[in-house]
Amino acid sequence: MHKPIKYVEKAVTVAATGAWAIFERLNRIHPNPSPKPKWSDKPLLKSYEKTKPPLGWPRSTDSLCPKCVPEIRQQILDGKLPYEILLNEKVGEIKASIVERDGKILMVKDCPKHGHFEDVMSIDPEFSRHLEEVFPGRDIRAHNDEKLHNHGSSTVKYGRGSVLTIDLTNRCNMMCDPCFMDANQVGFVHELSWEDIKLMLDNAITIKPKRQMSVQFSGGEPTLSPYFLDAVRYARKVGYNSVQAATNGIEFAKSLEFAQQAAEAGLRYAYLQFDGIGNAANAHRKVGNLFDVKLKAIENLHKAGVEIVPVITILNGINNEQVGRVIKFALDNPKKIGFLSFQPVSFTGRDEAITDERRVAQRYTLSHLAHDVKTQTGLGEPARDWFPISFMGTFSDWADVMHSSDADNNWGQLSCGCHPNCGTGMAVMIDKETKEAVPVTAFLHGDQLAKDIAKVNDAARGKFLSVVGMALCLMKNYDPFQSPTHFKLLDLLRKFDKNYNATGRNYGKVGPERTIDDVMKRRQDRWNFLFIAGMWFQDLFNYDFRRTEQCIIPYATQEGEISFCAYNTGVGWRNIIEKMHMTATLTKWYEEHGRHEIFAGGKKVKMEDTEHSLVLRENIVTTEEQHDLDKLGIAKNAREEKLRARDAKQKQQNDPAYNARMAALYREVVLKEKPVVAENGFIPLNALKPSNGKKSQVGEPVLGD
């Protein structure tokens with residue numbers, strides 16, 4: 001039985017549909033030219049002016065050979081090739097085809113030297129087709145950026161990004177598998193000086209369009225940097241309204257005071273490594289009480305006024321069963337968690353040399369995520385409720401048009417203009433009081449809403465009419481009978497006003513002057529707009545340069561700003577730049593600074609206490625590790641893979657038949673003796689003895705053994 005207000009709202013939506021028909025018809029008459037705000041040297045793009053990369057399938061793209069690239073990168077690191085070769089030549093590049101086969105989307109490619117490669121891009125073509133169909137197009141091309149964007153084929157070309165990532169240090173207090181940067185394993189320390197940090201933050205805001213970006217301090221573990229708090233403070237000072245830290249949470253769990261210092265400095269979000277519910281679900285990270293650490297970190301950060309974004313690296317066979325548990329945990333704690341970021345594994349860093357067997361078994365895609373969410377929680381339809389992250393660009397465009405004439409508007413809106421294969425998400429509206437949860441696109445027709453808003457944007461009528469147009473779009477596409485029980489149309493309008501500052505009402509400031517009172521004011525909202533995001537970073541097996549060139553997560557480095565994927569995988573700019581600008585060898589660093597504490601091998605983190613106020617239902621806590629790969633006999637990580645390879649080699653070398661084969665090969669190739677021909681299927685025993693009287697060298701390294 002629906003509430004009476006729902007029927008009133010239905011009548012409003014019908015009236016809004018009629019009003020929209022008139023508004024839209026008038027709006028088409030002599031549209032205004034696109035405004036050119038002061039944060040851009042070029043006019044904003046109308047929807048029909050936006051370009052798109054080749055989409056659909058089959059299609060061809062530019063990719064990389066998974067074998068050529070590491071070989072060439074090593075030659076650069078060894079000084080045998082200049083790094084400038086990456087700027088001037090298409091190093092390791094090969095063509096790839098994206099095709100549909102047996103109900104899956106695959107990337108297939110062939111290297112003249114290393115042969116055939118293929119990998120899964122999606123297990124649901126309908127889901128992938130939907131993401132590409134609603135992609136609104138690429139952002140305005142970056143300009144005034146030549147100083148920072150000059151990396152050959154890896155150059156970022158479109159937009160201004162949405163998250164500027166700065167690795168403060170490559171030191172870490174954990175030894176994780178997987179680790180896309182191979183922290184603590186490269187033999188040297190690369191740690192930014194205070195001058196480096198300020199220069200990178202200053203440089204980033206010179207590029208046009210000057211989008212409002214989040215700044216994410218990362219690593220390694222960014223809290224190990226002596227400049228962590230200073231960096232947060234300076235980023236807020238120069239105008240970034242969303243300062244983040246990608247952290248394992250250990251330092252925040254150990255000290256509420258440290259969390260408060262970070263909040264006072266201006267930290268707004270903690271992107272918290274969070275692989276599952278329970279210590280067993282995090283056991284592959286090799287810290288004995290890691291889940292207890294996460295709970296305490298969330299408690300301390302939230303109390304200090306920092307918002308928490310759990311970041312879940314997903315691997316098939318390791319923690320894919322945790323998808324639903326993590327979402328249920330977020331639904332149980334809507335006042336503390338408003339965003340989830342699932343990141344399907346990228347086989348790079350420690351996992352770049354992965355075996356084909358383990359890669360196939362552990363590969364996880366965005367389509368896997370959408371289906372696991374539905375299967376494990378019952379939330380959402382993959383081809384209805386999931387949209388590319390770039391879908392929000394239409395809403396950002398609307399806010400840019402609306403605010404284009406504001407006198408104090410020095411930044412564009414946050415705009416996530418990435419390729420539709422990069423990231424996806426589903427928005428869920430949660431009642432913080434009753435914890436009822438409904439996908440937003442179950443009661444708000446997302447596809448049509450975006451098309452309607454694009455028409456408002458294209459007319460460029462100014463602030464008042466843009467706000468009226470948006471209100472009509474929201475009302476006509478709203479279905480009150482599918483929304484949460486206590487949710488009202490007015491709540492929807494307020495949500496958009498809160499996010500885009502359409503009316504000027506104060507919901508709590510988010511700019512550099514934000515205080516803890518502003519944080520608490522924004523938290524008073526009854527409705528939590530939980531965004532379940534999937535961000536899939538590339539590796540050498542699925543690399544696509546069309547994705548790289550419109551990256552929204554550039555890395556700020558001492559050699560300019562580089563796409564996230566080009567930096568951490570691709571041609572491997574991270575390895576090269578960190579080596580070029582290394583601070584010290586490990587030996588020298590330890591002599592001058594001592595060793596920092598590392599939690600590994602099951603070691604536990606000491607905390608003052610483990611008390612927290614989070615809701616933790618016993619039935620979602622995992623008590624034992626996932627055993628899928630054990631049943632298949634497949635290694636779980638790079639370390640286990642290396643140990644197995646070593647054991648297999650030792651076992652092989654202790655095998656008499658293997659030793660006999662190596663002895664015969666040694667005599668034939670090294671001693672130039674004629675091979676022994678078997679008689680009746682048997683080789684005479686004396687044929688296995690060295691004819692020159694010398695002791696056989698079987699067991700020693702022979703011919704690349």
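All values derive from a computational prediction rather than experimental measurement. Below, all heavy atoms of this structure are taken into account, side chains as well, without hydrogens, waters or symmetry copies. Numbers here simply count residues along the sequence, with the first being 1.
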Check: Passes side-chain hydrogen bond (donor to acceptor under 3.5 Å, both in side chains), Asp124 versus His371? Steps please.
Finding: CA-CA 9 Å; Asp124 183 350; His371 281 273; 2.6 Å; yes

Sequence neighbours excluded, the answer for side chain to side chain contact (heavy atoms under 4.5 Å, CB included) partners of Ser214 is Val163, Ser242, Gln244, Leu414

Hits for side chain to side chain contact (heavy atoms under 4.5 Å, CB included) against Val69, two or more places apart or cross-chain, chain-then-number order -> Leu64, Arg73, Leu540

For Arg547, the side chain to side chain donor-acceptor pair (under 3.5 Å) test, sequence neighbours excluded, returns none

Practice item. I would like to know whether Glu549 and Arg138 meet salt bridge (charged side-chain N to carboxylate O under 4.0 Å, His left out); could you show each step before the answer? Key: CA-CA 10 Å; Glu549 62 194 18; Arg138 293 184 281 212; 3.7 Å; yes

Would you mind reporting whether Lys210 and Ile205 have side-chain heavy atoms less than 4.5 Å apart? yes

One should read off an interatomic distance between Ile85 CD1 and Ile76 CD1, to the nearest 0.5 angstrom, of 6.5 Å

**OP:** Please indicate whether Lys67 has more than 12 foreign heavy atoms, meaning atoms of other residues, nucleotides or ligands, lying under 6.0 Å from its NZ.
**Re:** no

Result for side-chain hydrogen bond (donor to acceptor under 3.5 Å, both in side chains) between Glu221 and one of Thr169, Asn170, Thr247 points to Thr247

Could you tell me if the side chain of Leu131 sits less than 4.5 Å from the side chain of Asn421, heavy atoms only? no

Hey, mind stepping through Asp275 and His284 against side-chain hydrogen bond (donor to acceptor under 3.5 Å, both in side chains) and telling me if it holds? CA-CA 9 Å; Asp275 284 350; His284 58 287; 3.0 Å; yes

Close side-chain approach of Arg363 and Asp539, heavy atoms under 4.5 Å: yes

*Side-chain heavy-atom pair Met174, Gln273 within 4.5 angstrom cut-off*: yes

Point to revise | Verdict with supporting geometry, Arg595 and Ile598, side chain to side chain contact (heavy atoms under 4.5 Å, CB included) | key: CA-CA 9 Å; Arg595 294 172 179 263; Ile598 295 178; over 6 Å; no

Test side-chain hydrogen bond (donor to acceptor under 3.5 Å, both in side chains) on Asp78 and Gln74 and set out the steps.
-> CA-CA 6 Å; Asp78 293 342; Gln74 193 59 51; 3.0 Å; yes

- Item | side chain to side chain contact (heavy atoms under 4.5 Å, CB included) evaluation trace for Ile577 with Tyr567 | CA-CA 9 Å; Ile577 291 174; Tyr567 191 62; 4.1 Å; yes

Is any side-chain heavy atom of Cys172 closer than 4.5 Å to one of Asn248?
yes

Crowded around Lys588 NZ? As in, over 12 foreign heavy atoms under 6.0 Å?
no

Strictly below 4.0 Å, N to O, side chains only: are Lys104 and Glu118 in salt-bridge contact? no

Rounding to 0.5 Å, atoms CG (Asn568) and CG (Asn575) come to a distance of 9.0 Å

For Phe541 together with Phe347, are the ring centres under 6.0 Å from each other?
no

Indicate the ring-plane relationship of Phe135 and His419, choosing parallel, tilted or perpendicular according to the 30° and 60° boundaries. parallel

Self-check item: Non-hydrogen side-chain atoms of Leu340 and Phe274 separated by less than 4.5 Å
Solution: no

Thr557 and Trp573: side chain to side chain contact (heavy atoms under 4.5 Å, CB included), yes or no, with the steps? CA-CA 10 Å; Thr557 78; Trp573 280 96; over 6 Å; no

Check your understanding: Is Arg358 close to Glu640 at the side-chain level, that is, under 4.5 Å between some pair of heavy atoms?
Key -> no

